[in-house]
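Working notes for the structure below.
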Amino acid sequence: MLEAFSAAEIIAAKRDHHSLTDPQIDWVIDAYTRGAVADEQMSALLMAILLNGMENREISRWTDAMINSGERMNWSALSRPTVDKHSTGGVGDKITLPLAPLVAACGAAVPQLSGRGLGHTGGTLDKLESIPGWRASLSNEEMLTVLQDCGAVICAAGAGLAPADKKLYALRDVTATVEAIPLIASSIMSKKIAEGTSALVLDVKTGAGAFMSDPAKAKELAHVMVGLGKRAGVKTLALVTAMDVPLGLSAGNALEVRESVEVLAGGGPSDIVELTVLLAQEMLELAGIKGADPAAALKNGKAMDVWRQMISAQGGDPDAKLPVARENTVVTAQSSGTILSMDAMKVGMAAWRLGAGRSRQGESVQAGAGIEIHAKPGDVITAGAPLYTLHTDTPAAFTRALESLENSVTIGDMPVGGIDRLPLIVERIVD
Ligand code: URA
């Protein structure tokens with residue numbers, strides 16, 4: 001096949017700080033997806049993009065080219081408006097689990113096509129797979145049936161959705177080119193736009209446990225993603241939210257499902273409940289649903305009913321006992337006082353080392369592994385009282401996990417002005 005461009009000329013253009021033209025972008029994404037651009041050429045281009053950036057037009061075209069590399073879902077057969085939420089990921093972030101059934105219980109349809117975890121943040125599918133029988137892979141027809149019957153579906157994005165991103169993401173992972181705002185924004189938004197939702201709320205995490213730890217960078221990413229969504233005709237807004245401290249009181253697959261079920265039963269940790277209700281309100285407003293009361297739907301069991309129906313529809317048993325790791329060990333506080341900080345990254349790394357996460361794509365994870373957190377910043381603790389319980393099937397993992405947790409908390413006297421931490425909602429970004 002006679003190619004329209006050569007990869008080397010496009011790499012040289014970006015290396016020399018030029019903008020790529022629309023035809024160059026369309027070609028390079030298409031040619032990479034079909035194997036006509038080699039991994040080493042794409043690696044060089046990705047590094048040039050990371051170093052020299054892209055203007056908004058280029059990011060928008062790059063995103064469109066990734067969408068056009070595969071299929072686009074269509075939910076027009078549904079009678080309800082569609083709305084989804086995407087989080088950039090954080091430690092203990094299990095919000096999708098209670099949120100999707102909650103928003104469905106309030107009248108919207110939630111097509112949540114998710115991924116698996118990589119590194120210290122967990123993946124929604126890994127969490128749900130700890131429920132005996134639950135199936136992540138559904139055909140497009142099955143997705144539509146679950147959405148129609150339950151109002152929400154959480155499942156794996158099929159191989160046909162933005163295949164260019166799947167290839168690019170794997171390459172970025174091994175070439176130190178993940179951390180580029182144009183590449184992150186286009187990767188996330190190509191999948192969400194191809195997923196076919198008409199409205200989208202982005203939860204962009206910031207703080208030590210987030211992958212954009214700097215709030216200014218997190219805000220920049222949020223603005224770029226909101227712009228991409230709007231240009232594609234998806235009603236989009238972003239909340240930049242705190243990830244300096246783990247969310248809730250657990251990190252790990254089955255442990256997080258248990259906590260999510262507590263929230264659906266009207267209880268659960270207050271930060272999880274607050275963020276779930278806030279995101280639900282934003283999603284319902286974007287979807288044009290008036291007068292719904294998500295806080296009440298958590299308390300009165302309506303969200304729980306949808307959860308049970310949704311889990312059963314995908315082969316899961318909502319009443320089954322969740323897996324428990326074979327071994328556990330308790331970490332106690334070394335001094336008495338108020339917990340002033342808790343480093344989300346250290347807790348996430350420890351959960352990952354216990355077996356809750358994977359370091360290479362395709363590895364399996366332990367359902368029961370992870371960390372229970374017994375006290376959080378603001379709580380008063382006495383020396384010797386339990387701080388964390390670590391769970392794993394592989395006790396050799398305790399040593400490295402305990403190393404990660406060293407200095408993960410500071411304990412002292414409560415400062416006069418209170419604890420210095422990020423507010424739960426750092427910023428709301430609408431354009
Ligand atoms: N998640 C994605 O899907 N893509 C990225 O580039 C980063 C996080």
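Both ligands and their constituent atoms are indexed starting at 1 by order of listing. In this chain, numbering begins with 1 at the start of the sequence shown. Any value given below was found using the heavy atoms of this structure, including those in side chains, with hydrogens, waters and symmetry copies removed.
A side-chain N or O of Asn140 and one of Glu71 form a donor-acceptor pair less than 3.5 Å apart. Side-chain contact of Ser114 with Gln112: a donor-acceptor pair under 3.5 Å is present, judged by distance alone. A donor-acceptor contact closer than 3.5 angstrom is absent between the side chains of Arg258 and Ser250.
For ligand 1 and Ile188, the ligand atoms under 4.0 Å from any heavy atom of the residue are 1 (N), 2 (C), 3 (O), 4 (N). In summary, the atoms of ligand 1 found under 4.0 Å from a heavy atom of Ser187, numbered by their order in the structure, are 2 (C), 3 (O), 4 (N), 5 (C), 6 (O). Close approach to Ile184 involves these atoms of ligand 1, each under 4.0 Å from a residue heavy atom: 6 (O), 7 (C). Within ligand 1, the atoms closer than 4.0 Å to a non-hydrogen atom of Phe211 are 7 (C), 8 (C), numbered from 1 in the order shown. Within the listing of ligand 1, atoms 5 (C), 6 (O) sit less than 4.0 angstrom from a heavy atom of Arg172.
Within the structure, ligand 1 lacks Val178 among the residues with a heavy atom less than 4.0 angstrom away.
Under the 4.5 Å side-chain criterion, counting only non-hydrogen atoms from C-beta, Met73 is not in contact with Pro111. Leu144 places a side-chain heavy atom less than 4.5 Å from the side chain of Leu78.
Under 4.0 Å is where a charged nitrogen must lie from a carboxylate oxygen, and between Asp22 and Arg57 at least one such pair does.
Among the atoms of Lys191, some N or O lies under 3.5 angstrom from an N or O of ligand 1. Below 3.5 Å of separation, one finds no N or O of His86 facing any N or O of ligand 1.
Scanning the protein for heavy atoms near atom 5 (C) of ligand 1, the closest one is Tyr169 CE1, 3.2 Å.
Side-chain atoms of Lys85 never come within 3.5 Å of backbone atoms of Ala100 as a donor-acceptor pair (strictly under, hydrogens ignored).
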